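Single-structure report; data block below.
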Amino acid sequence: MQWEVVIGLETHVQLQTKSKQFSGASTTYGAAPNTQACEVSIALPGVLPVLNKQAVDCAIKFGLAIDADIPPISVFSRKNYFYPDLPKGYQISQFELPVVGKGTVTILVPASKNTEAYEKVINITRAHLEEDAGKSVHGAVEGMSGIDLNRAGTPLLEIVTEPDMRSAAEAVAYAKKLHELVQWIGICDGNMQEGSFRCDVNVSVRPKGTEKFGTRREIKNLNSFKFMLQAIEYETQWQIETLEDGGTIQQATVLFNPDTGETRAMRSKEEANDYRYFPDPDLLPLAVTAADKARVMADMPMLPQALQAQFVRDYALSSYDANALTSSKAIADYFIATVQAGAEPKQAANWVMGAVSAKLNAEEKSILDSPLSATQLAALLKRISDGTISNNAAKQVFEAMWAGEGEVDAIIDAKGLKQVSDTGAIAAIIDGVLAANPAMVAEFKAGKEKAFNALVGQCMKASQGKANPAQVNELLKQKLSA
Amino acid sequence: MINSSLKQLSTALAAKQVSSVELTQAYLDRIDALNPHINAYITLDPAKSLAQAQAADAKIAAGEAQPLTGIPLAQKDIFCANGWRTTCGSKMLETFIAPYDAHVISQFDAVGAVNLGKTNMDEFAMGSSNETSYFGGVKNPWDTTRVPGGSSGGSAAAVAARLCAAATGTDTGGSIRQPASLCGFTGLKPTYGLVSRFGMIAFASSLDQAGPMAKSAEDCAMMLNVMAGFDSRDSTSVQREKEDYTRGLAAMQADKPLQGLRIGLPKEYFADGLNAEVAKVIETAIAQYQALGAQIVEISLPNNNLSIPVYYVLAPAEASSNLSRYDGVRYGHRAADYTDLLDMYMKSRAEGFGAEVKRRILIGTYVLSAGYYDAYYLKAQQIRRLIAQDFTEAFKHCDVIMGPAAPSTAFKVGEKTNDPVAMYLEDLYTIAVNLAGLPGMSIPAGFVHTTEGKALPVGLQIIGNYFDEARMLNVGHAYQQVTDWHTRMPEGI
Amino acid sequence: MALNLDDIKRIAHLARIQVSEQEAQATLSKLSGIIGLIEQMQAVDTTGIVPMSHSQDVTQRLRDDVVTSDNQRERFQSIAPATQDGLYLVPKVIE
């Protein structure tokens, strides 16, 4: 039987705020345990929540960025369950009326062995504001867990998709796109190691061609794209094998073990959850007005899709190039800066996506940490287009600049890579080569075209690679036909 | 001195006829003598109280006195007070020393009032007789075989027995007004949102409201001047200009000070369920109001009887969630022996909470649980709106609403402890006011005499429109200018 | 909707309150009385009535994003049942 996997994502995005969702405690990562746990964070008797305006603005910004409905009123509810890292015994979240309604995100699924690259629209069901829980620390004391509530109350935006994805690759492409978007609009630092961007993935399988969804299992807390891919692929295969062996899938929450590459059901979540949601009586309805939206919109950077269109229109780039250059704000900024520093757009695009990206990947660096600035890259490209150096020589110069050996002209001089474009000098070289290789000249004249390339090669060699190849071609042709 | 009004005490302190230390010591001595019979206080800390009194005397000497500077007040043990044990009447918080101040506490601290101690109360404010307190029941000073009402029973008994100059209380379904009625003093539950709930241990957050419990309307006005006001730490705190609630009181001394006032009498408040002798007292009080110039309008609150079922869905639902934080992890009671985390939760909460609190947590959990939410919780919220609309309609025809605060006088200790539903009916005239978020007060209006020869107080309830506390206090004060019920105090405790 | 003993056990577990068999019986009879009281609501037709969660018909006030509290761990943990190295201790959490 042919199976189809159905995937939906719930992503917890930690919002970039100084203070917590409902209190004035700091959200700085990595502080000593419980030193950022104020009376509200530890839920002392009598404390009350007051919502952070910045967190609301972040939610509005996200809603605007995905062209979503942002209703005038949303409501905070309590999700009730007991867990030691949940100090109030309930999480303040949004249930029936979230701050952000339906929207869309367009993803670019890269080419694979079997498929071409393609675009796909993923529907966002909703995004709602909530607070994070604390952390359980194991192993400090035998048989006990330690509770650190520094993270408790940290503002989160939970972004929920429709079950629109049909492969692990699509799920990862969506997660990456969302990851870039929330950083692009400045609402999340995107730090997956610190848990600022966490994905829960709902996976189910069904016979291909059928309508009805299978029973889903939820893979919790994936904090890298690599693990996400592995986890979904493992989970999908496990579900298919279970069904093919005549088994059934039980709805469950599962954890991914990066060491074994396997998923397993969580023990603590076995009991059926009954969260007893109800509107939080401590918090009145949240209003978002047209003025609020306009204020947040004014602060919105140009969004990737708009920038992509601009690149195609203004720089005559292909849609593919434009998409790649807007895969992150930092890359787009670098590219724009390179062009603004005088580089030709198509050439700049090729270098940013080519040599620069390759180097960054090899060194696992962000473009923000690139040792070669956009201005420096533009200066290098200028020396190619004005004929000072050849493309080949440029690669050597690029390596040297990357290694911090100096500015472009100094390196060209130091390495003696300057191209010879003086017609007289090139003509003299050619004359010498023609005189030294009468046999090749005879072959060419007898109709052997290949001999021409051999003569060009000899000329380049004689110039120690510095002669302008175009000029060599031109003059050689003239001399041979004379 | 102990029967003096706050104004008189304030004047005496300002005139240095008495110091705050002397006054505080006098109350502490009286508490020493009488509290063992009444059990109004859970926690006393004379050293702390006297230190505050000393600071108040210095403030007075420096000419920085405000109206309540140096006046010894009792605080319901539901308000967190930094460094004070704050139990909320529960074993769960038996050893809980609050590490911060409630807004109400800091407001009184800021004006230099003295905290005499923390008063007894029904556990987590759940009760109408103060019998659910882990620290033992409170006795009604008018007849110590009877209850003082609840949940602010300790504050009520302390005010009635003159074990403080005035006290604070909280009112979720009648917990200020019903004990005020049963103990014969003046108690006001303000409009929801007028007094910050920050630091006030939550029972049912959408209904809880703190207010003053004192001898007279004038005293309540002076207390409310300190308690009311915007607090950014409470999302439901109302942002409005501060009022002086004493501003209209002087005008109430005219011959017919209430000329033109329309008093609405809801027919539902005088129907079945109201004790006949209580009814008589209320009717006499209404006649007195007519003599003061007020005009009577019959009104109807057709959904009033539903307020009890609605309340016993909504309040337990909110409470079940509010009380989830008591899990033995960060503070409060933790069971001595347990096998694992779940067992620790189950035992700590089973041991830490009393029977009534557990009942309400279970009811609340039930009405919110899957499959029952719509039939109970949502339905109750819809009827809550009908109940609030009844008042909106009524206030089109009258300025204040009057009626009994409780269906009967103080009942015997133990009389209703085995029948929760009978206990819940105590709140028949008070709960709707909380559901609507309106202000309500109870003022002493007379007595009913028992066969044993005891005089038991009866309270007249005055319900006002939103933020109409000043008018209500004027209305109460006008009555207290021509009656002396509010000056009576129990004898032979 | 009549309550039964299983309901009591289910909600007691949800609420994390241990009840013995004997307590469950007593609780059932008391809670049934209360449920009987609140059943009165079912007689009212509430079609189309907007539920009322708050008595105030206003929207939420927001807080500026400012850090206003400092480290009070020592004070807060002085009243905690069990702590070590700044952590609150609980029986092992199993995931």
Side-chain angles (χ1 to χ4, degrees), chain A residues 17-19 22-28 31-42 44 50-57 73 75-76 80-85 89 136-138 140-141 143-149 255 266-269 271 274 276 278-281 283-287, chain C residues 1 3-4 6-19 31 35 38 41 46 48-95:
Chain A
T17 60
K18 296 184 192 75
S19 65
F22 297 108
S23 77
S26 170
T27 54
T28 308
N34 290 308
T35 55
Q36 288 172 180
C38 67
E39 63 268 30
V40 176
S41 309
I42 67 166
L44 283 179
V50 184
L51 182 59
N52 188 332
K53 184 166 185 282
Q54 180 63 26
V56 174
D57 284 354
I73 289 290
V75 167
F76 284 89
N80 294 282
Y81 65 96
F82 285 89
Y83 211 70
D85 66 9
S136 301
V137 181
H138 309 294
V141 180
M144 306 287 272
S145 293
I147 306 298
D148 175 7
L149 298 173
L255 289 176
M266 282 172 82
R267 272 195 279 174
S268 58
K269 301 264 176 170
E271 71 178 271
D274 185 348
R276 291 156 284 139
F278 74 104
D280 191 331
L283 295 163
L284 297 162
L286 170 67
Chain C
M1 280 175 257
L3 273 175
N4 60 43
D6 284 343
D7 289 326
I8 300 292
K9 288 175 185 163
R10 177 178 61 86
I11 58 180
H13 184 260
L14 267 180
R16 297 295 186 270
I17 294 175
Q18 192 171 63
V19 286
L31 258 51
I35 294 294
I38 66 183
M41 296 192 310
T46 51
I49 296 168
V50 181
M52 177 172 165
S53 302
H54 303 92
S55 60
Q56 301 162 312
D57 195 17
V58 288
T59 54
Q60 193 173 162
R61 177 170 36 77
L62 303 178
R63 178 177 62 79
D64 286 337
D65 181 26
V66 181
V67 174
T68 52
S69 70
D70 49 11
N71 175 18
Q72 299 196 65
R73 183 172 84 183
E74 207 168 313
R75 288 179 62 235
F76 291 166
Q77 295 201 339
S78 69
I79 52 171
T83 59
Q84 184 168 311
D85 303 331
L87 296 164
Y88 294 99
L89 292 186
V90 297
K92 198 166 170 58
V93 177
I94 299 160
E95 284 182 338

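Order of the sequence lines sets the chain letters (A, B, ...), proteins ahead of strands, with each chain counted from 1. This one's a predicted model, so the numbers in the text were calculated from it and none came from an experiment.
Side-chain polar atoms of C:R63 and A:S23 form no donor-acceptor pair below 3.5 angstrom.
To the nearest 0.5 Å, the span separating CG on C:D64 from OG1 on A:T17 amounts to 12.5 Å. Remark: A:L284 CG to C:R61 CZ distance equals 8.5 Å, nearest 0.5 Å. Between C:S69 atom OG and A:Q36 atom CD the span is 8.5 Å, to the nearest 0.5 Å. One finds the CD atom of C:Q60 at 4.5 Å from the CG atom of A:L283 (value rounded to the nearest 0.5 Å).
When side chains are defined from C-beta on, A:L51 counts as touching C:L62, because their heavy atoms get closer than 4.5 Å. Counting only heavy atoms from C-beta outward, the side chains of A:I42 and C:Y88 approach each other to under 4.5 Å. Considering only heavy atoms from C-beta on, A:L44 comes within 4.5 Å of C:F76 through its side chain. Put simply, the side chain of A:M144 does not reach to within 4.5 Å of the side chain of C:Q84, judged on heavy atoms.
Among A:P33, A:G89, A:A31, the residue with the largest count of heavy-atom pairs under 4.5 Å with chain C is A:P33. Contact count versus chain A (heavy atoms, under 4.5 Å) is highest, among C:V66, C:L89, C:V90, for C:V90. Each of C:T83, C:T68, C:V58, C:V67 has some count of heavy-atom pairs under 4.5 Å with chain A, and the biggest count is that of C:V67. Of all the listed residues (A:L286, A:V40, A:L149), the one sharing the greatest number of non-hydrogen pairs under 4.5 Å with chain C is A:L286. Annotation: maximal heavy-atom pairing with chain C below 4.5 Å, among A:S41, A:C38, A:P279, occurs at A:C38.
Residue contact with chain A, scored on non-hydrogen atoms closer than 4.5 Å, involves the side chain of C:Q77 exclusively. With a 4.5 Å cut-off on non-hydrogen atoms, C:A82 does not touch chain A at all. Only the backbone of A:D280 has a heavy atom closer than 4.5 Å to any heavy atom of chain C. Residue contact with chain C, scored on non-hydrogen atoms closer than 4.5 Å, involves the backbone and the side chain of A:V50 alike. If you measure heavy-atom distances from A:F76 to chain C, the contacts under 4.5 Å come from the side chain alone. Residue contact with chain C, scored on non-hydrogen atoms closer than 4.5 Å, involves the side chain of A:P84 exclusively.
Using modelled atom types, no side-chain atom of C:T59 and backbone atom of A:A287 make a donor-acceptor pair closer than 3.5 Å. Judged by distance alone, the side chain of A:N34 and the main-chain N or O of C:R73 form no donor-acceptor pair under 3.5 Å.
Counted within 6.0 Å of NZ on C:K9, heavy atoms from surrounding residues, nucleotides or ligands total more than 12; the atom is thus considered enclosed.
Of all heavy-atom pairs between C:L87 and A:G146, the closest is CB-CA, 3.9 Å. Contact record, C:L14 with A:F82: O-CE1, 3.4 Å, taken as the closest heavy-atom pair.
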Handout entry: side-chain contact (heavy atoms from CB on, under 4.5 Å) evaluation trace for C:D65 with A:K53
Key = CA-CA 6 Å; C:D65 181 26; A:K53 184 166 185 282; over 6 Å; no
